[in-house]
Undergrad: 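Structure provided below as structure tokens; questions to follow.
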Amino acid sequence: MMKRYQFWFVIGTQHLYGEAIFDTIADRGKKMAETLSEAVHPFAEVHFKTLLKTSEEIDQLFKEANHDDKVAGIITWMHTFSPSKMWIKGLKRLQKPILHLHTQFNEQIPWDSIDMDFMNLNQSAHGDREHGHIHTRMHIPRKVVSGYYKDEKVLDKIRNWTKSAAGVLESRQLNVVRLGDNMRNVAVTEGDKVSAEIAFGWSVNTYGSGDLSKKIQNVTQNELREQLLKYEKRYQMHTDNDASVEYQAKLEIGIRKLLEDNNAKSFTTTFEDLNGLNQLPGLAAQDLMYEGYGFAAEGDWKTAAMLRVMKLMANGEGGGNSFMEDYTYHFENDKGYVLGAHMLEVCPSIAAEKPKIEVHELGIGGKAAPARAVFDAKAGPAVQVSLVDLGGRFRMIVTECEAIKPLKAMPNLPVSRAMWLLKPNFSVATEAWIHAGGAHHTVMSYDLDVEVLRDFAQMLKIEFIHIGADTDVETLKKELKWNDVSYRLNQLGQ
Ligand code: MN
């Protein structure tokens, strides 16, 4: 299911220096695009498109980029001076993410041969300043990456940005199916779906559990057999309750069909609306997440959409991204450990070992005992991502953590679990999270750097709060207050 996202590399110049330099610049553009393309392979590819020398050429190129569904973003670089008024018309039109690469073709000054011809050809040092100015003046969200273009740090930043840009592209075509509404009376999982579609592009629509139960009744024996074979390959069977596993298989087939019928790649369920269903989707939701679908429980469509987008942004990394919930804590040796889990639905992509399928009573919801995959999540650096609606704007909160092997076995806990330590420590991170209004539901990702999520949020003009090694609660409270004012002023200005 791996996609390859296309990025266009364009070089700004002008006619002032004579036509003779254009071939040289184009040759360099091709070479540089090859280096960039290698760096982002296999996730994306970078094509050198053209030199842009006039306002008309710039406008035409951006028009083409807007209309080409394969294009996930534009990378610009000014080889010479390229007067920025020429860029206004095109930039006003551009709907794709843009990265301004501030670099130079030559790594070093050729001390012995440098003359005024060299100076006139290699002037990104001031050409890129002119270019950056017009983005700032026009309030265009963009990534600026600065440094020699073969430098690994520069290439890392570009690689991360291609993921963020792919997230924007995918968001614009994401449909989310909600089976039932929000969990009654819960605030943080609620939100304005119209605003979300305007901000992210996510189209979120609700279906009744009856729509799913109809699909389940029509599952064929062949479909069921195929699904059970997949389970046997992916999981270890630790139950003799075949009927429960079979029912989850039917739920999975039914949900997949419902999603396909609606061209949707993400879904939610709620244990409060299971009319016509025998069990809450457990293993079914887990296995669909494992296949790349977005999911969150209790009608939490924001987290469900983020999981799908994050799985695509991480495509090919092979790490893991899951729906997660902060559940309970353990304090020992001056540390606070978080135990994360859900009542059933954690994605097997974060499992440390082959998950076991078990069947246990649920305790709430009053339905039959659902099969679920049970495992410990793996160790490693990770992030927890929460998206909340503050009324008038969305805020994304990302906290860095270190996932660890659970300190001890939990033989009576019948769900998948993850354990982690927060940065910079438990108190600061959780105080900051609570001040920021972060949810108990998150997407846990072992793949994506904070930078990928920050750039994604910035491109969409979503507020972004980072909690990490340098977080200080009082400073963060000021940031939250200032952001509040700034977003309110923006609303007034629109
Ligand atoms: Mn929950």
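First listed ligand is number 1; within each ligand, the first listed atom is number 1. Nothing fancy with the numbering, it's 1 onward along the sequence. Since this is a predicted model, take the numbers as computed values, not measurements.
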Undergrad: State, without any angle test, whether Tyr235 and Gln286 hold a side-chain donor-acceptor pair at a distance under 3.5 Å.
TA: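 No, because no side-chain N or O of Tyr235 sits under 3.5 Å from a partner of the opposite role on Gln286.
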
Undergrad: Determine whether Asn205 and Asn175 make a side-chain contact, defined as any pair of heavy atoms from C-beta on separated by less than 4.5 Å.
TA: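 A side-chain contact is absent here, since even the closest heavy-atom pair is not under 4.5 Å.
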
Undergrad: May I have the step-by-step check of salt bridge (charged side-chain N to carboxylate O under 4.0 Å, His left out) for Asp287 and Arg234, ending in yes or no?
TA: CA-CA 9 Å; Asp287 198 58; Arg234 284 178 188 165; 2.9 Å; yes

Undergrad: Look at Arg454 together with Glu451 and state whether they make a salt bridge at an N to O cut-off of under 4.0 Å.
TA: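 No, this pair does not count.
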
Undergrad: In plain terms, say whether Arg256 and Glu291 are close enough for a salt bridge, that is, a side-chain N and a carboxylate O under 4.0 Å apart.
TA: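 Looking at Glu291 together with Arg256, the answer is yes, because their closest N to O distance falls below 4.0 Å.
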
Undergrad: Of all the N, O or S atoms in His342, which has the shortest distance to the Mn ion (ligand 1)?
TA: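 Looking at His342, the N, O or S atom with the least distance to the Mn ion (ligand 1) is NE2.
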
Undergrad: Does any N, O or S atom in Glu298 come within less than 2.8 Å of the Mn ion (ligand 1)?
TA: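 Yes - counting backbone and side chain alike, Glu298 has an N, O or S atom under 2.8 Å.
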
Undergrad: Name of the His441 N, O or S atom nearest the Mn ion (ligand 1)?
TA: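 His441's closest N, O or S atom to the Mn ion (ligand 1) is named NE2.
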
Undergrad: What N/O/S atom of Glu325 is the closest to the Mn ion (ligand 1)?
TA: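 So the atom name we want here is OE1.
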
Undergrad: So, His440 and the Mn ion (ligand 1): N/O/S under 2.8 Å, yes or no?
TA: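 His440 does not place any N, O or S atom closer than 2.8 Å to the Mn ion (ligand 1).
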
